[in-house]
Visitor: 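Mind having a look at this structure? Questions to follow.
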Amino acid sequence: MSEKHKDSGLDIDATIMETTHKVEHFYHENKKIITIVGSAIIGLVALYWAFTQFYLGPKEKEAQIAIFPAQAWFEIDSFDLALNGKGDKLGFLAIADDFSMTKTANLSHFYAGICYMQKGDFANAISQLEDFDTDNKLMGPIATGLLGDAYSESNDFDKAVKNYTKAANMGKNKLTAPIYLKKAGLVYEEQKDWSNALSMYEKIKSDYPESTEAGDIDKFLERAKANNENN
């Protein structure tokens, strides 16, 4: 080995030794606080484990049983019963409150939002749908698109188009994206924003040519182009 390589090896060893001494010195200087912080972290992990095992887990199972009647009412379009329940059978609203932090409570917000949409109560629909959270690639766009519908029905077109475009871009789902692009285009038309309407329709034609929405998109494109040129 050359002298240069020997020196390099010695330098590395010296650096490692120096770093080790610094770490040891830091530990000894801060031993008490490190022990306290470490114990606190272990305690928090243990508490979280106990919470999920002995509280949240059983609560989730209880919620899954409780939601069955509400889902049955929902399926036969009995939206008032689905929302509010009857007797000892809970509706989605009570399930969302009584079983908060569970996945079933979260799902109840989604169901409740749809119930309110069906009843034409768009303010409450918005409230429930905004409380729903999911990373599901199909339910996510649908819930966001429903928010767009609720805002559109409330004549809040800025928030409507914001949610429609967000829904269209969530995973760029081939089933839902063209639907919400078209809805966004129609809202832009309502706002006389022909440039953005044209952009939505062009995206359907280029990115989703096999979709149902693409079947008659040319007439929407022509209308948006004509109005855009005249403004």
Visitor: So, taking the atom named CG in Leu147 and the one named CD1 in Ile142, what distance separates them when rounded to the nearest 0.5 Å?
Guide: 13.0 Å
Visitor: Take Met200 and Thr165 through the side chain to side chain contact (heavy atoms under 4.5 Å, CB included) test and state the conclusion after the steps.
Guide: CA-CA 9 Å; Met200 297 297 104; Thr165 52; 4.0 Å; yes
Visitor: Do you reckon Val161 sits in the same ILVMFWY cluster as Ile179, going by side-chain contacts under 4.5 Å, direct or chained?
Guide: yes
Visitor: Using the side chain to side chain contact (heavy atoms under 4.5 Å, CB included) rule, take Leu129 and Tyr151 through it: C-alpha gap first, then chi angles, then the decisive distance, then the call.
Guide: CA-CA 11 Å; Leu129 290 168; Tyr151 279 119; over 6 Å; no
Visitor: Just verifying a value: how many Å separate Gln71 CD and Ile95 CD1, rounded to the nearest 0.5 Å?
Guide: 8.0 Å
Visitor: In Å and rounded to the nearest 0.5 Å, what is the OH to CD1 distance from Tyr180 to Ile204?
Guide: 13.0 Å
Visitor: Give a yes or no on whether the backbone of Glu202 and the side-chain of Ser206 come within a donor-acceptor separation of less than 3.5 Å.
Guide: yes
Visitor: Which pairs, with at least one residue in residues 79-97 and sequence neighbours excluded, count as a salt bridge (Lys or Arg N to Asp or Glu O under 4.0 Å)?
Guide: Asp80-Lys119
Visitor: Report whether Tyr111 and Ile126 are members of the same hydrophobic cluster (ILVMFWY, side-chain heavy atoms less than 4.5 Å apart, transitive linking).
Guide: yes
Visitor: How far does CZ of Arg223 sit from CG of Asp218, to the nearest 0.5 angstrom?
Guide: 12.5 Å
Visitor: Can any side-chain N or O of Tyr164 pair as donor or acceptor with the backbone N or O of Asp149 at less than 3.5 Å?
Guide: yes
Visitor: Please round to the nearest 0.5 Å and tell me the distance separating atom OG of Ser100 and atom CG of Asp131.
Guide: 11.5 Å
Visitor: Of the non-hydrogen atoms in Gly113 and Ala125, which two are nearest, and what is the gap between them?
Guide: O-CB, 3.6 Å
Visitor: Are Phe157 and Tyr188 connected in the hydrophobic side-chain network, where two residues link if heavy atoms are under 4.5 Å apart?
Guide: yes
Visitor: Out of curiosity, does Phe79 fall in the hydrophobic cluster containing Phe122 (side-chain heavy atoms, cut-off under 4.5 Å, transitive links)?
Guide: no
Visitor: If the plane angle is over 60° it's perpendicular, under 30° parallel, otherwise tilted; pick one for Phe132 and Phe110.
Guide: tilted
Visitor: Under 4.5 Å between side-chain heavy atoms, hopping through other hydrophobics if needed: is there a path connecting Phe92 to Ile114?
Guide: yes
Visitor: Within the structure provided, determine whether Lys59 and Thr104 are in side-chain contact (heavy-atom separation under 4.5 Å).
Guide: no
Visitor: Which heavy atom of Pro69 sits nearest a heavy atom of Ala66, and at what distance?
Guide: CD-O, 3.3 Å
Visitor: If you compare all heavy atoms of Ser152 against all heavy atoms of Ala160, which two are closest, and at what distance to 0.1 Å?
Guide: N-CB, 3.6 Å
Visitor: Keeping to residues at least two apart or across chains, list the ring-ring contact (aromatic ring centres under 6.0 Å, His included) pairs with something in residues 195-214.
Guide: Tyr201-Phe220
Visitor: Check whether any side-chain N or O of Glu60 sits under 3.5 Å from a backbone N or O of Lys103 as a donor-acceptor pair, and report yes or no.
Guide: yes
Visitor: CH2/Trp73 to CG/Leu81 distance, rounded to the nearest 0.5 angstrom?
Guide: 5.5 Å
Visitor: Looking only at heavy atoms, what is the nearest atom pair of Gly140 and Met170, with distance?
Guide: C-CE, 3.6 Å
Visitor: Heavy-atom distance under 4.5 Å between the side chains of Phe99 and Ile67, does that happen here?
Guide: no
Visitor: Quickly, which of Leu93, Asp121, Asn124 forms a side chain to side chain contact (heavy atoms under 4.5 Å, CB included) with Leu83? Name it, please.
Guide: Leu93
Visitor: Identify the heavy atoms of Leu138 and Asn136 that sit nearest to each other, and give their distance.
Guide: N-OD1, 2.8 Å
Visitor: Pro141 and Ala167: which non-hydrogen atoms are nearest, and at how many Å?
Guide: O-CB, 3.5 Å
Visitor: If you define the side chain from C-beta out and look only at heavy atoms, does anything of Glu213 sit under 4.5 Å from Leu181?
Guide: no
Visitor: Run the salt-bridge test on Lys182 and Asp216 with the 4.0 Å N-O cut-off and return the result as yes or no.
Guide: yes
Visitor: When you measure from the side chain of Asn106 to the backbone of Asp133, do you find a donor-acceptor pair of N or O atoms at a distance under 3.5 Å?
Guide: yes
